[in-house]
Amino acid sequence: MTNKSIAKRDLDVIWHPCTQMKDHEFLPMIPVKSGKGVWLEDFDGNRYIDAIASWWVNIFGHVNPYISGKIKEQVDTLEHVILAGFTHEPIVRLSERLIKLTPEGLDRCFYADNGSSAVEVALKMSYHSHKNSGLEKPLFVSLTNSYHGETIGALSVGDVELYKDTYKPLLIACVQTSVPEDMSEEAAIKAAKDFEVLLEERADEIAALIIEPLVQGAGYMHMYHPLYVTLVRELCTRFNVHLIADEVLVGFGRTGTLFACEQAKITPDFIVLSKGLTGGYLPLSVVLTTDVIYQKFYCDYGLHKAFLHSHSYTGNALACAAANATLDIFENENVIENNKKTASYMTQHLERFKTLSNVKEVRQTGMIAAIELKGYKSEERIGLKVYEYALSKGVLLRPLGHIVYFMPPYIISDEEMDIMFDTAYEAIVRLPEGKGE
Ligand SMILES: *Cc1c(COP(=O)(O)O)cnc(C)c1O
């Protein structure tokens, strides 16, 4: 088997996610044979550093011996069982641990299979819990430039045009309030004021505000100050609106704390987790909420008050084993402290990008670093040029538009970071003169 033979079979049968398939007339599909640590290897023996953690999920490396071992143990014990009326030990243990680790006051876990469906769970729960209190609040608020997934409900509360525009007629009611413009405290205060104005007008219709705390991932790695999260928490409480913290991306150590909300010292009404939850092994997501919300659904049979939402694979035992193994690593190794060192090494590397003439801004929050390019038009597909060059040098970068970003697995070594940043630097220096302003 070679790259070519598998790629050909692939292109005959598979429709890939988030892809204009015609691009593959010139862009080779890369069939990955195996992974180890930050490295992926294809069928022709080329190796690539996974600088984007395979769409932001992989935190402890590919084929991590510890996580793999725990899944192997589980697979011979119980693979899956219906979660209605039945339970299993891995999910009970996982839930106990998540409740301990997440901000104080989040005391109930509801499971789904991916980030988008967990966002849908949080939206439905928020709406339904108000309804159970006798309030009709059918409107959601999200931040400009936000991303919460691509199923219809999750897409509705997002604001990245690229994904949303086509489907506008299908979406549920959502309005946007402005995200802080930059990482300053002033921007945070100004944006919170905007939200306050909206609440003063429409709070009685609004079920919840959903945010990506600190970093808007798919929204081109836009970053803002934790103060904003603190301020909107106060506002939500004051106006009886829920705060949903979508930590699908930022959760599990990515921003420098285990959860991003910790930096704002707040507890949201819902926290949504997925991506890093299983170390990047298996699809699993969870919504944690407060006992106050849980109690609104707890009553005698027959009042349409129960939360009738389910997925066939809810609480899959193998995925829970992977999640428990991931939490073991957080518990046994000094992950958050080590990440601080890795992040500061990233900061050093970023310095030299700042002086390049086609770089507009360099930004970083914990183990997310982004370089915003300037001077190009979107039809120049500058991100694609960076992608192709980096691949040819053995680094998987996948720029978002004009943003070249780095979100490697936490276990990346200094030498591997040298390769990653050196390659990105060469790729950016080699770019042609832009046609934009
Ligand atoms: C990726 C992502 C989602 C969607 O998760 P999927 O598992 O891809 O459905 C939701 N919210 C945020 C912030 C994300 O980054």
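Whatever order the structure lists them in is the order used to number ligands and atoms, beginning at 1.
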Visitor: Can you find an N/O atom of Trp56 closer than 3.5 Å to an N/O atom of ligand 1?
Guide: no

Visitor: By number and element, which atoms of ligand 1 are closer than 4.0 Å to a non-hydrogen atom of Leu249?
Guide: 15 (O)

Visitor: Please work out which of the three classes, parallel, tilted or perpendicular, describes the rings of Tyr425 and Phe353, given edges at 30° and 60°.
Guide: perpendicular

Visitor: Report, as yes or no, whether the 6.0 Å neighbourhood of atom CZ on Phe86 holds more than 12 heavy atoms from other residues, nucleotides or ligands.
Guide: no

Visitor: Is the closest side-chain heavy-atom distance between Leu288 and Phe110 below 4.5 Å?
Guide: no

Visitor: Would you say Phe259 and Glu262 make side-chain contact, with heavy atoms under 4.5 Å?
Guide: yes

Visitor: Please confirm whether Glu212 comes within less than 3.5 Å of ligand 1 when only nitrogen or oxygen atoms on both sides are compared.
Guide: no

Visitor: I'd like to check whether Gly115 has a polar contact with ligand 1, where a contact means an N/O of the residue lying under 3.5 Å from an N/O of the ligand.
Guide: yes

Visitor: Does at least one non-hydrogen atom of Glu150 fall below 4.0 angstrom from an atom of ligand 1?
Guide: no

Visitor: Quick one: look at Asn114 and ligand 1, take heavy-atom pairs under 4.0 Å, and tell me if it's side chain, backbone, both or neither.
Guide: both

Visitor: Return yes or no for this condition: an N or O of Lys275 is under 3.5 Å from an N or O of ligand 1.
Guide: yes

Visitor: For atom 11 (N) of ligand 1, what is the nearest protein heavy atom, given as residue, atom name and distance?
Guide: Asp246 OD2, 2.6 Å

Visitor: Give a yes or no on this: more than 12 heavy atoms of other residues, nucleotides or ligands lie within 6.0 Å of atom CD of Glu104.
Guide: no

Visitor: Would you mind listing which atoms of ligand 1 come within a distance below 4.0 Å of any non-hydrogen atom of His148?
Guide: 10 (C), 11 (N)

Visitor: Quick one: look up the protein heavy atom nearest atom 9 (O) of ligand 1 and list residue, atom name and how far away it is.
Guide: Ser116 OG, 2.6 Å

Visitor: Please check if the number of heavy atoms outside Tyr66 that lie under 6.0 Å from its OH is greater than 12.
Guide: yes

Visitor: Take a 6.0 Å sphere around CD of Gln295 and say whether it holds more than 12 heavy atoms from other residues, nucleotides or ligands.
Guide: yes

Visitor: Please verify the inter-ring angle class for Tyr410 with Phe60; under 30° counts as parallel, over 60° as perpendicular, anything in between as tilted.
Guide: perpendicular

Visitor: Of all the atoms in ligand 1, which lie at a distance below 4.0 Å from a heavy atom belonging to Gly149?
Guide: 4 (C), 10 (C)

